[in-house]
Amino acid sequence: MSKNRRLPRGRHSTVRNVPLRTHWLLLTTLVLTLSAALLLQGYATHMFDTTADGAHRDPGTADAVPEQIRTGGPVIEGSVGRTAAVKPRTIALTFDDGPDPRWTPQILDVLRRNGVRATFFTVGAQVAAHPELARRIVEDGHQIGVHTFTHTDLGAASPWRRSLELRESQLVIAGATGVTTPLLRPPYSSTGEALDDSAWDSVVQAGTEGYLTVLSTQDSQDWRRPGVEQIVANSLPADSEGQILLLHDAGGDRSQTVAALERLVPRLKASGFQLTTVTEATGLPAATHEAATVDAWQGTSLIYALRASDRVLSALSWLLWAAGAISVLRAVAVFTAARRHVRKRRVPWGAPVTEPVSIIVPAYNESAGIEAAVRSLLASDHPVEIIVVDDGSTDGTADIVEALRLPGVRVIRQRNAGKPAALNTGIAAASCNLLVMVDGDTVFEPDAVRMIIQPFAHRRVGAVSGNAKVVNRGGLLGRWQHIEYVVGFNLDRRLFDLAECMPTVPGAVGAFRREALLRVGGVSDTTLAEDTDLTMALCRDGWRVVYEERAKAWTEAPATLGALWKQRYRWCYGTLQAMWKHRGALTQRGQAGKLGRRGLLYLLMFQVLLPLLAPVVDVTAVFGLIFLDPLRILGLWSAFLLLQLLMGLYAFRLDEEHPGPLWSLPLQQFVYRQLMYLVVIQSVFTAIAGSRLRWQRMERYGSLQVPVGLQPPVGLQPPAAPAAPRGPDHQDADWSR
């Protein structure tokens, strides 16, 4: 028989442990980029004012509007208060709100057939969505103007937003057409007489930024869709005075406008009117100019950014629907599995298991709770021997246990070699065929050992997971972990049990068949999650791993966010290591295949991929609150929270726990959940980078209490010369690896 080799002191200190920073920069950049894309998409799409230009709006006071503006021409240079009038018997055809992929091409076709040029006041967001139509407008010889970026009321907007609306519109026009334009028509404007003080203020500001404000003198009222004949009638001038005629090529069904234009243009020509653009109708210089290279590049980039943000939003919508559907299906599956598991566990495993048990307690600096742990194990109502393996503690852990002089308790001291080596040392020293492994910060209930070994009545069972419960539940962090243990871990274990794909027997409370441990070579030290690695190895070897919820043990949970981060980081990273190590189970058959195609895929989906999407979900939720219907978003969040609450109530009832801590569930969504997905992100990047972590001891707080009034039963006497028994058809196992 080969000797049990121990890892040399400091072995783990030679393993590369590089702190990663690049991935946090990458994550921050990704979130900021996503936020910017959603902000751009939200502004361009959901800040869009779809109210018709001619819809009634209550005018304000007009005391500040100069008289020469109210009575002057429809083209206004606001910075100097000058106006320009339209030449007699001249009509400038103007079209607002486009370009539209359906109606703008039809209107352009009508104008081309009749040899007429017009002015199109385009909305920036529409130009970004259909740049090819803006290019056609310019290429066909028409003038292009600005109608703001989101069709906003400039009079009601703040000065900074006015500038933003005009600048962004100008940029997308430059990017789409290669030209810039000084022509501006404010949405919801009409004639100069209708200007109020706020509208005049926006005209003045636009003038200082280089724009000519173009109002209308005649409204076709096509936005009302009154019928083709009525649109024609509304568009005919009453006399020979020149007019700027308002029409629309977007903003709804414009079929009546197209049909009316077919009749109106020939009729106006026959009446001797000249149909032309705004600048030609007023005698002003040519409006458009070749765009500067930087403006053209910025405009093109803005167009691509808007298109990309639209695709991002579409992809996010599908992802969110998929994530929501998967979450609901998971909830249904877990709930159904829990009900079936309850019914199934009412049937005994077989004849009661009464053989003695060896309990292995690996310990490293566990002085705060080791006495409580050992005394609780001795208080078991089942015969046990207890082996405490001190892994080079520096706080006197071994001395504390030895000073207790408890019957049936042995202490083995070894140089610091890591938890797997400590467990393997305990396995080698154990004298029983059934082994229970327990952390040094865990207190067992008196019947926990007896309960956890009963499934071994079934010959295929190689390991049993117990029910770990949080002892330090005070404060929000304690409550949140308590909820996670009861609702998350234990409900999942019921599902894994039924599906025969249990991925983890927790180190706090687990039982193993000695033969099964020998067949897989003991506890491996190649991953940080030695319990997950061992459990997966047992499944791949053909053993059933089950969950016994009646075997309850109390463990200390981290009491600070920093300690919680370290613990979960190790858990998550170790689980990723184990998943990768046992990926071959995906293509195997039998029990191994169940682990691979059920357990591993479940872990990948719900413990890796969904947490990685969590930042996207949060950013999108904020997007919805700002740009969508906040009541709808809050309703969806409330429905999701209600689903979690119902699962929590059911899980707490199954575990016979008081549901009081569930009041903190809503708060858990704003701190705890974010911490958990950051842990997953850190773990994934660490795994990709190839870095490794050492076995980290969690800080102890002394929450565990020594059982009072319980006398330990007579313990088993340790064998004189402990040795590792051999499994059938197996040679001596080198458990240290």
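For reference, positions follow the sequence shown, starting with 1. Note that this is a predicted model, so its numbers are computed, not measured.
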* Hey, mind stepping through Arg117 and Glu280 against salt bridge (charged side-chain N to carboxylate O under 4.0 Å, His left out) and telling me if it holds? -> CA-CA 10 Å; Arg117 290 183 300 162; Glu280 290 184 353; 2.4 Å; yes

* Asked: OG1/Thr152 to OH/Tyr188 distance, rounded to the nearest 0.5 angstrom?
  -> 7.0 Å

* To do: Can you see which heavy atom on Lys87 is nearest to which on Thr282, and at what distance?
  => CE-C, 4.4 Å

* Could you please spell out the steps behind the side-chain contact (heavy atoms from CB on, under 4.5 Å) verdict for Trp103 and Thr257? => CA-CA 9 Å; Trp103 306 115; Thr257 302; over 6 Å; no

* To do: Carefully, step by step, assess Asp109 and Arg136 under the rule salt bridge (charged side-chain N to carboxylate O under 4.0 Å, His left out).
  => CA-CA 11 Å; Asp109 290 342; Arg136 181 181 170 185; 2.5 Å; yes

* Which pair of non-hydrogen atoms, one from Gln221 and one from Pro226, has the smallest distance, and what is that distance? -> O-CD, 3.4 Å

* Got a sec, which residues hit salt bridge (Lys or Arg N to Asp or Glu O under 4.0 Å) with Arg82, two or more places apart in sequence or on another chain? -> Glu77

* To do: Measure from the ring center of Phe670 to the ring center of Trp637 and say whether it is less than 6.0 Å.
  => yes

* Asked: Hey, are the side chains of Leu245 and Leu264 touching, using non-hydrogen atoms and a 4.5 Å cut-off?
  -> yes

* So, does Trp480 use its side chain to make a donor-acceptor pair with the main chain of Arg673 at under 3.5 Å? -> no

* Asked: Is there a donor-acceptor contact under 3.5 Å from the side chain of Thr122 to the main chain of Val127?
  -> no

* Asked: Hey, is the main chain of Val232 close enough, under 3.5 Å, to the side chain of Ser220 for a donor-acceptor pair?
  -> no

* side-chain contact (heavy atoms from CB on, under 4.5 Å) with Thr148: which of Arg161, Arg185, Glu165? -> Glu165

* State, without any angle test, whether Gln230 and Asn234 hold a side-chain donor-acceptor pair at a distance under 3.5 Å. => yes

* Just by modelled atom types, is the His248 backbone N or O under 3.5 Å from a matching donor or acceptor in the Asp222 side chain? -> yes

* To do: Check step by step if side-chain contact (heavy atoms from CB on, under 4.5 Å) holds for Gln644 and Ile483.
  => CA-CA 11 Å; Gln644 289 185 308; Ile483 292 172; over 6 Å; no

* Sidechain-backbone polar pair: Thr177 side chain, Val179 backbone, donor-acceptor under 3.5 Å -> yes

* First locate atom OG1 of Thr191, then atom CG of Leu246, and finally report the distance between them rounded to the nearest 0.5 Å. => 11.5 Å

* Asked: Counting distance only, does the side-chain N/O of Gln607 pair as donor-acceptor with the main-chain N or O of Leu604 below 3.5 Å?
  -> no

* Structure fact -> Residues Leu610 and Ser327: closest non-hydrogen pair is CD1-OG, 4.4 Å

* Asked: So do Thr94 and Ser216 actually touch side chain to side chain, heavy atoms under 4.5 Å?
  -> no

* Student check: side-chain heavy atoms of Asp97 and Trp223 closer than 4.5 Å -> no

* Asked: Can any side-chain N or O of Arg135 pair as donor or acceptor with the backbone N or O of Gly178 at less than 3.5 Å?
  -> no

* To do: With the side chain counted from C-beta on, respond yes when Leu108 and Thr104 share a heavy-atom pair under 4.5 Å apart, and no when they do not.
  => yes

* Asked: What distance do Leu645 atom CG and Ser638 atom OG have between them, rounded to the nearest 0.5 Å?
  -> 11.5 Å

* Structure fact -> Separation between OG (Ser198) and CG (Leu195), nearest 0.5 Å, reads 9.0 Å

* **Glu193, CD atom: more than 12 neighbouring heavy atoms under 6.0 Å** => no

* For the side chain of His142 and the backbone of Ala118, is there at least one donor-acceptor N/O pair under 3.5 Å apart? -> yes

* **Shortest non-hydrogen separation from Gly272 to Arg89 and the atoms involved** => O-NE, 3.7 Å

* To the nearest 0.5 angstrom, please state how far the CD1 atom of Ile303 sits from the CG atom of Leu171. => 9.5 Å

* Asked: Is a side-chain N or O of Asp100 found less than 3.5 angstrom from the main chain of Asp249, in a donor-acceptor match?
  -> no

* Asked: Parallel under 30°, tilted from 30 to 60°, perpendicular over 60°: which one fits the rings of Tyr43 and Phe149?
  -> parallel

* To do: Give a yes or no on whether the backbone of Gln205 and the side-chain of Thr208 come within a donor-acceptor separation of less than 3.5 Å.
  => yes

* Considering only heavy atoms from C-beta outward, does the side chain of Asn114 approach that of Lys269 to under 4.5 Å? -> yes

* Indicate yes or no: does Arg167 engage Asp295 in a salt bridge with an N to O separation below 4.0 Å. => yes

* Any chance you could lay out the side chain to side chain donor-acceptor pair (under 3.5 Å) test for Thr181 and Gln143, step after step, and finish with the verdict? => CA-CA 8 Å; Thr181 175; Gln143 285 185 339; over 6 Å; no

* **side chain to side chain donor-acceptor pair (under 3.5 Å) between Gln243 and Thr217, intermediate numbers included** => CA-CA 6 Å; Gln243 305 290 338; Thr217 60; 2.7 Å; yes

* With a 4.5 Å limit on heavy-atom distance, are the side chains of Pro611 and Met676 in contact? -> no

* **Least distance between heavy atoms, Leu306 atom then Ala128 atom** => CD1-CB, 3.2 Å

* Decide yes or no for Phe95 and Leu111: does some side-chain heavy atom of the first lie under 4.5 Å from some side-chain heavy atom of the second? => yes

* Minimum heavy-atom distance Ile107-Leu261, with the two atoms named -> CG2-CD2, 3.8 Å

* Asked: Should we count CZ of Arg267 as having more than 12 external heavy atoms under 6.0 Å?
  -> no

* Applying side-chain contact (heavy atoms from CB on, under 4.5 Å), run through Leu561 and Leu675 and close with a yes or a no. => CA-CA 8 Å; Leu561 287 176; Leu675 181 67; 3.8 Å; yes

* For Gln106, look at atom CD and say whether over 12 heavy atoms of other residues, nucleotides or ligands are found less than 6.0 Å away. => yes

* Do the rings of Tyr602 and Phe606 sit parallel, tilted or perpendicular, given the 30° and 60° boundaries? -> tilted

* Asked: Would one find more than 12 heavy atoms of other residues, nucleotides or ligands at under 6.0 Å from atom CD of Gln669?
  -> yes

* Asked: Is any side-chain heavy atom of Asp201 less than 4.5 Å from a side-chain heavy atom of Arg162?
  -> yes

* Quick one: CD1 on Ile173 to CZ on Phe120, what's the gap to the nearest 0.5 Å? -> 13.0 Å

* Asked: Where do Asp618 and Tyr677 land on the side-chain contact (heavy atoms from CB on, under 4.5 Å) test, with the steps shown first?
  -> CA-CA 11 Å; Asp618 289 346; Tyr677 71 59; 3.0 Å; yes

